[in-house]
Amino acid sequence: MKKLSGAILLSLLWCSPSYAEFVVQELIDALVETDKPKSLEVAERLQLIGNDVDTYDLIIRKANLSVDDAEKIANAIDRVSESKGPALHTLSMSFNQDLKDQGVLAVLGKIPNTTTVIAFVECGITDIAGQAIIDWALENKQLTGIYIEG
């Protein structure tokens, strides 16, 4: 009986998600919920995060993201940060024309100041989001790169 109990416990441990994966699960779910091929690809990569991972990159370029998608992803990023999960290192949502100011503002309001690179190239933004990016950058001492145009 002891051997059977040990085998069951060991198999549960092998099948259980890592802490890092558990913490980013809401972000994985938000990406899957968009039901867009690029987001699904990014979600698959996030599922590979191991316990020893301190940071992660979120590169969701050319994914046809909407404002609603951006808001869900932003809220999930925030929950990862609040849960003391891996730190968001690089965020690129470039070439998502439908994000517009509203989507970019939603994301800027939730990304942690551990983020060192942000990219919102060709996201359909105006000077409103452009100024918000500048304001966010002035508050973020970790920032090493900003990519915006269009």
Side-chain angles (χ1 to χ4, degrees), residues 7-126 128-130 132-137 139-140 142-150:
I8 291 171
L9 179 61
L10 190 56
S11 67
L12 287 173
L13 289 174
W14 281 335
C15 296
S16 65
S18 68
Y19 174 73
E21 182 185 345
F22 176 75
V23 170
V24 299
Q25 188 60 51
E26 278 191 72
L27 178 55
I28 292 167
D29 293 345
L31 291 164
V32 169
E33 194 174 311
T34 69
D35 199 30
K36 300 196 168 97
K38 181 64 177 189
S39 296
L40 296 174
E41 179 184 312
V42 173
E44 283 181 27
R45 271 185 272 152
L46 283 176
Q47 287 179 324
L48 301 176
I49 286 180
N51 286 331
D52 58 341
V53 174
D54 296 328
T55 64
Y56 70 102
D57 296 328
L58 195 56
I59 313 297
I60 321 170
R61 297 180 184 136
K62 298 180 183 178
N64 298 313
L65 297 175
S66 67
V67 170
D68 186 49
D69 296 332
E71 289 171 348
K72 289 175 185 171
I73 292 167
N75 288 330
I77 289 169
D78 189 41
R79 285 190 290 280
V80 170
S81 181
E82 287 175 353
S83 299
K84 308 285 189 246
L88 178 59
H89 178 265
T90 299
L91 173 69
S92 177
M93 297 180 95
S94 294
F95 307 106
N96 286 289
Q97 279 290 333
D98 294 333
L99 287 183
K100 309 286 186 215
D101 290 336
Q102 186 180 351
V104 171
L105 293 173
V107 172
L108 281 176
K110 300 292 186 174
I111 55 178
N113 59 9
T114 58
T115 307
T116 59
V117 178
I118 59 172
F120 296 106
V121 174
E122 297 293 337
C123 288
I125 64 174
T126 69
I128 294 169
I133 291 168
I134 291 168
D135 294 343
W136 184 86
E139 295 292 318
N140 185 342
Q142 303 291 339
L143 194 63
T144 60
I146 301 172
Y147 300 91
I148 55 174
E149 63 180 84

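Please read all numbers here as calculations on a predicted model, not as lab measurements.
- Of the inter-residue distances, the one linking Asp78 atom CG with Ile73 atom CD1 reads 14.0 Å to the nearest 0.5 angstrom.
- Nearest heavy-atom pair, Val117 versus Leu143, reported as atom, atom and distance to 0.1 Å: N-CD1, 4.1 Å.
- Within the model, atoms OG1 of Thr34 and CG of Leu40 stand 6.0 Å from one another, a figure rounded to the nearest 0.5 Å.
- Distance CD1/Ile134 to CD1/Ile146: 7.5 Å, rounded to 0.5 Å.
- The pair Glu41-Lys38 meets the salt-bridge criterion, since a charged nitrogen lies less than 4.0 angstrom from a carboxylate oxygen.
- Looking only at distances, a side-chain donor or acceptor of Gln97 sits under 3.5 Å from a matching main-chain atom of Glu122.
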Query raised in the report: Could you go step by step and tell me if Asn75 and Glu71 meet the side chain to side chain donor-acceptor pair (under 3.5 Å) rule?
Result: CA-CA 6 Å; Asn75 288 330; Glu71 289 171 348; over 6 Å; no
Requested in this report: Starting from the C-alpha separation in whole Å, work towards a yes-or-no answer on side chain to side chain contact (heavy atoms under 4.5 Å, CB included) for Ile28 and Gln47.
Outcome: CA-CA 7 Å; Ile28 292 167; Gln47 287 179 324; 3.6 Å; yes
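- The closest side-chain heavy-atom distance from Ile111 to Leu108 is below 4.5 Å.
- Atom NZ of Lys100 is separated from atom CG of Leu105 by 13.5 Å, given to the nearest 0.5 angstrom.
- The backbone N or O of His89 sits less than 3.5 Å from a side-chain atom of Thr116, completing a donor-acceptor pair.
- Between the side chain of Ser83 and the main chain of Gly85, no donor-acceptor pair closer than 3.5 Å is present.
- One finds the CG atom of Leu88 at 14.5 Å from the NZ atom of Lys110 (value rounded to the nearest 0.5 Å).
- At least one donor-acceptor pair closer than 3.5 Å links the side chain of Asn96 to the backbone N or O of Asn64.
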Query raised in the report: Are Ile59 and Thr90 close enough, and set up right, to give a side chain to side chain contact (heavy atoms under 4.5 Å, CB included), and what steps lead you there?
Result: CA-CA 7 Å; Ile59 313 297; Thr90 299; 3.7 Å; yes
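- With hydrogens and angles disregarded, a donor-acceptor distance shorter than 3.5 Å links the side chain of Asp101 to the backbone of Thr126.
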Report task. Walk me through it: do Asp98 and Leu65 pass the test side chain to side chain contact (heavy atoms under 4.5 Å, CB included)? Result -> CA-CA 6 Å; Asp98 294 333; Leu65 297 175; over 6 Å; no
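- Between Ile77 and Pro112 there is a side-chain heavy-atom pair separated by less than 4.5 Å.
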**Report entry** CA sep, side-chain torsions, deciding dist, call: Ile148, Ile118, side chain to side chain contact (heavy atoms under 4.5 Å, CB included)
**Finding:** CA-CA 8 Å; Ile148 55 174; Ile118 59 172; over 6 Å; no
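- Residue Tyr56 comes nearest to Pro86 through the heavy atom pair CE2-O, 3.3 Å, listed as atom of the first residue, atom of the second, then distance.
- Across all their heavy atoms, Ala70 and Val107 have their closest contact at O-CG2, 3.9 Å.
- When atom types are taken as modelled, the side chain of Asn140 and the backbone of Thr115 share a donor-acceptor pair closer than 3.5 angstrom.
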